[in-house]
Colleague: 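This structure is in structure tokens; I'll ask about it shortly.
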Amino acid sequence: MAAFTLAHLSDPHLAPLSRPRLSELAGKRALGYLNWTRNRYKYHRREVLDVLVSDLHAQMPDQIAVTGDLVNFALESEFPLAQAWLRTVGPPDQVTAIPGNHDAYVRSTRLRFAESFAEYFGGDGDGPAIFPSLRRRGPLALISLSSAVPSAPFMATGRVGSAQLAALEVLLQSLANEQLFRVLLVHHPLRSANRMKRLTDAPELIALLARHGVELILHGHDHVHSTVWIDGPDRKIPVVGVPSASSIAHGHYPAAAYNVFAVARDGNHWRCDMTVRGVNDALRVREIRQLRLF
Ligand SMILES: [Fe+2]
Ligand SMILES: [Fe+2]
């Protein structure tokens, strides 16, 4: 049986940014905008994102996951730009997108992502698009969580919340007897050394996953390559993060990259091979490494 492929990219932080209205520039946004105009605009580049996505399309993955931070300050003007970009990535039945902290950013826009991208994360069936959502694609069960909550200035924390955790537990119980490769999508990493950027209820989520398990967890937020393993009920679960899809290399941040996971059934087990492809200094995308996760 041919492997089913899932490509994962994250944190495009779409540029260019139109000038915010003065009324939009208060508190956290004013600080964020200052940081963007001084620093971040230099590192998040549309031309980098474009070569990465066109290379991704050339790999012809069966599905694509985008794990948040599509925009920067959740300004009204950023959402149409992000919608247009996501349509170039693919149609909603092939692309699943979840929000990051930058897509919520401040209280007044905390629901804008869900309003703008419902068709890109809504579950199968006719019900309302809410988190957690479930999409069945080939052998995959794509399970989306939202950890995007507004946070105080200088903070980039996330929270899944007790309602989503309870619903996730019910969802995983309902899938327990099916032979599915369960992929959990969440913007924030489950382990973070930085208190200002952490998922505040990660311990509860990790405990839930130790009880019910999934096969793979994908996240963004840290803008670095990362693979850690957490406990599942029968074996360890890989938690894989990718760099920002629009970033040039700077400081300890690597240049933009994405991962492709090839999933196949092998007897009584799943096989999952991961290929990392990234942008080099000449703005070309090449394979960085390949490894078997299990
Ligand atoms: Fe980000
Ligand atoms: Fe983030």
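Counting convention: from 1, in listed order, for ligands and their atoms alike. Here the structure is a predicted model, which is why all the values come from computation and not from measurement.
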Colleague: Would you call R292 and D273 a salt bridge, taking side-chain N to carboxylate O under 4.0 Å as the test?
Modeller: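 Answer for the salt bridge query: yes.
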Colleague: Assert yes or no for the condition that the ring centre distance of Y253 to Y43 is strictly below 6.0 Å.
Modeller: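 Y253 vs Y43: aromatic centres not under 6.0 Å.
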Colleague: Quick one: sort the F117 and F79 rings into parallel, tilted or perpendicular, breaks at 30° and 60°.
Modeller: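 Because their plane-to-plane angle lies in the 30° to 60° range, the rings of F117 and F79 count as tilted.
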Colleague: Establish, for the pair R235 and F294, whether the NZ or CZ atom is under 6.0 angstrom from the six-membered ring centre and no further than 45 degrees off its axis.
Modeller: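 That pair qualifies as a cation-pi contact.
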Colleague: Within H102, is some N, O or S atom less than 2.8 Å away from the Fe ion (ligand 1)?
Modeller: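 Looking at H102, which is the residue asked about, there is no N, O or S atom under 2.8 Å from the Fe ion (ligand 1).
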Colleague: Donor-acceptor check, side chain of D103 to backbone of L70, threshold 3.5 angstrom: yes or no?
Modeller: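 Pair found, side chain donor or acceptor close to backbone of L70.
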Colleague: Please note down the angle at the Fe ion (ligand 1) between NE2 of H223 and OD2 of D11, to the nearest 10°.
Modeller: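 Seen from the Fe ion (ligand 1), OD2 and NE2 are separated by roughly 90°.
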Colleague: How about H221: does one of its N, O or S atoms come closer than 2.8 Å to the Fe ion (ligand 2)?
Modeller: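 A backbone or side-chain N, O or S atom of H221 is under 2.8 Å from the Fe ion (ligand 2).
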Colleague: Between H187 and the Fe ion (ligand 2), is there a contact where an N/O/S atom of the residue lies under 2.8 Å from the metal?
Modeller: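 True for H187.
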Colleague: About how large, to 10 degrees, is the angle NE2 of H13, then the Fe ion (ligand 1), then OD2 of D69?
Modeller: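 An angle of 100° at the metal.
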